[in-house]
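Written out below as structure tokens is the structure these notes cover.
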Amino acid sequence: MSARSRARWLACIAACILLPAAAQEAASADCREGRNAVLSGLSRSHVREEFRIFYALEGPHALPDTRDLDGNGVPDKVEDVATQLVVGRRLFTEVMGLTHPLRQPRYARAASIDVFLLKMEKGNGLSYDEPMNYRLDGDGPAGRCATRIDLLNSHSNQNVTPIHELFHQYQYAYTMFKPRWFLEGTARWAEHALRAGEAPQRQLPATPQALREQVFSQTYATSGMWNRIAAILDPAGRIDLPPDLARATYVDGSPVVHDGRLHGAAFVKALLEALGPLDHRIAARNGWRVFGWREDDQRSSVNDGEIFRQVLQVVRDQARVSGVPRSGELEDFLALQAALP
């Protein structure tokens, strides 16, 4: 680790991860314990700041591609994942101003974000919302509490799945809500912090039927709505990147951030900050622990109306603050509040 990287990591420990004693004593999610033979079988690890990346060079989860262009003994695949995760964290926390997941009360007991490169049967990645202590080899007799991300070990090195799954960690830290129209749609939006060009948009729903069909019944496809909201509220979409972040590259020299554009960063930050208090109110109303929701309750469509009402309020507030001209499309969208349960 270079002197600059070490200094930045020490600053992150102080500013992003370590909690004051009072926060440590606040309500946090339980850190369940449990052995996992598959995860324990990943015999190699690479640590980059708060990320621990576990992988294997042999066995059923061996990396298919072990090229090492810089000859440092770590496969390029592993280094590129680490690079994208650190860049993603810096974008979300330093540039957007989101609170680091490990600094949030829910994850106060977690010491790292553990990333496992696996031969997955389905999908490119998976982000878990419950902190766990898997008692991995090398963690000592007490083990280590961490949050978890699984990544497919065979996708292209610069695939944006790592930043997508990292954004889920931010979502989980802010709110207990997990309807997929919100969860996957906004995580797909977050990918465009790295992607080049404009994100695809879809006209905002204007009727209750369109809301049900285009939003509540969809998953990744709702990114078109989120991208449209972001573009309306933030037409320029410029994000102020520190020079070293703008110059970040993968092992082969390819840029990590392509154009320094991401519409709607302030809107998404305001939305996440608004959803936390809302889920606290729902937990209190139902007599639930703040972080003790059942999985079914986190995903339940029963909450769709209240979540979307909060979306509309944040859009309304952001439009006023930004001085966005009111269009027929935006007015029809905001009028959906009258149709919500």
Side-chain angles (χ1 to χ4, degrees), residues 84-85 87-101 123-127 129 149 158-175 177-205 211 214-241 245 256-276 304 307-308 310-319 322 324 329-330 333:
Q84 188 178 128
L85 289 169
V87 168
R89 183 256 294 152
R90 293 190 64 195
L91 282 166
F92 297 149
T93 295
E94 294 180 27
V95 178
M96 284 182 62
L98 298 180
T99 301
H100 192 294
N124 287 330
L126 185 62
S127 190
D129 63 330
I149 292 173
Q158 298 162 22
N159 177 288
V160 293
T161 298
I163 197 173
H164 178 108
E165 300 304 335
L166 177 62
F167 192 72
H168 283 323
Q169 296 278 300
Y170 279 83
Q171 292 168 321
Y172 300 154
Y174 270 97
T175 180
F177 295 128
K178 292 174 63 178
R180 298 192 74 201
W181 61 267
F182 157 69
L183 205 66
E184 299 299 348
T186 54
R188 182 65 60 85
W189 164 87
E191 295 175 9
H192 288 275
L194 302 186
R195 292 185 185 276
E198 292 292 322
Q201 302 175 28
R202 182 171 185 174
Q203 183 165 336
L204 299 178
L211 181 61
Q214 298 175 23
V215 181
F216 294 157
S217 65
Q218 300 297 319
T219 58
Y220 297 95
T222 61
S223 61
M225 178 195 72
W226 297 111
N227 294 336
R228 180 62 180 154
I229 294 172
I232 290 173
L233 295 177
D234 178 18
R238 303 302 302 182
I239 52 178
D240 188 14
L241 296 177
L245 190 58
V256 183
V257 183
H258 284 272
D259 61 14
R261 291 171 62 87
L262 181 66
H263 297 279
F267 159 67
V268 172
K269 178 177 184 287
L271 178 60
L272 289 174
E273 291 173 344
L275 290 179
D304 285 350
I307 297 171
F308 201 77
Q310 195 69 68
V311 172
L312 294 177
Q313 184 60 54
V314 173
V315 171
R316 189 176 290 107
D317 292 344
Q318 290 290 306
S322 303
V324 173
E329 179 185 10
L330 185 57
F333 179 67

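- Contact detail for Pro101 and Ala173: the closest heavy-atom pair is CA-CB, 3.7 Å.
- Using a 4.5 Å heavy-atom cutoff, the side chains of Lys178 and Tyr172 are in contact.
- Residue Arg202 places its CZ atom among 12 or fewer non-hydrogen atoms of other residues, nucleotides or ligands, all under 6.0 Å distant.
- Considering only heavy atoms from C-beta on, His192 comes within 4.5 Å of Pro200 through its side chain.
- Side-chain contact of His168 with Glu184: a donor-acceptor pair under 3.5 Å is present, judged by distance alone.
- The minimum heavy-atom distance between Leu183 and Gln171, with the atom names listed, is O-NE2, 3.0 Å.
- To the nearest 0.5 Å, atoms CD (Glu329) and CD (Gln203) are separated by 4.5 Å.
- Using a 4.5 Å heavy-atom threshold, the side chains of Asp304 and Pro179 count as touching.
- The two residues Pro235 and Arg261 have their closest heavy-atom pair at O-NH2, 4.2 Å.
- Rounded to the nearest 0.5 angstrom, Gln201 CD and Ile229 CD1 are separated by 10.5 Å.
- To the nearest 0.5 angstrom, Leu233 atom CG is 7.0 Å from Leu330 atom CG.
- Taking the side chain as every heavy atom from C-beta outward, Leu194 and Leu91 approach each other to under 4.5 Å.
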message = Test side chain to side chain contact (heavy atoms under 4.5 Å, CB included) on Leu85 and Arg89; report intermediate values, then the result.
response = CA-CA 6 Å; Leu85 289 169; Arg89 183 256 294 152; over 6 Å; no
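- His164 has its side chain within reach of Tyr220: a pair of non-hydrogen atoms, C-beta onward, lies under 4.5 Å apart.
- Ring orientation note: the planes of Tyr170 and His100 are tilted relative to one another, at an angle of 30° to 60°.
- A donor-acceptor pair under 3.5 Å links the side-chain atoms of Asp259 to the main chain of Gly197, judged by distance alone.
- Residues Trp189 and Ala230 share a closest heavy-atom pair of NE1-CB, 3.8 Å.
- Annotation: side chain of Phe308 is not in contact with side chain of Phe182 (no heavy-atom distance under 4.5 Å).
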inquiry  = Quick one, Trp226 with Val311, criterion side chain to side chain contact (heavy atoms under 4.5 Å, CB included). Give me CA distance, side-chain angles, the key distance, then yes/no.
reply    = CA-CA 10 Å; Trp226 297 111; Val311 172; 3.8 Å; yes
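- Under the 3.5 Å distance criterion, the side-chain polar atoms of Asp234 are left unmatched by any main-chain donor or acceptor of His263.
- In this structure the side chain of Val95 never reaches within 4.5 angstrom of the side chain of Leu262, judged on heavy atoms.
- To the nearest 0.5 Å, the span separating CG on Leu98 from CZ on Phe92 amounts to 7.5 Å.
- Annotation for Thr222 and Gly185: closest pair OG1-CA, 3.3 Å, computed over non-hydrogen atoms.
- Going from atom OG1 of Thr99 over to atom OH of Tyr174 covers 3.5 Å, rounded to the nearest 0.5 Å.
- Looking at every heavy atom in both residues, Ala199 comes nearest to Asn227 through CB-ND2, 3.3 Å.
- For the pair Val160 and Gln84, the minimum side-chain heavy-atom distance is below 4.5 Å.
- Residue Ile163 holds its CD1 atom at 8.5 Å from CD of Glu191, rounded to the nearest 0.5 Å.
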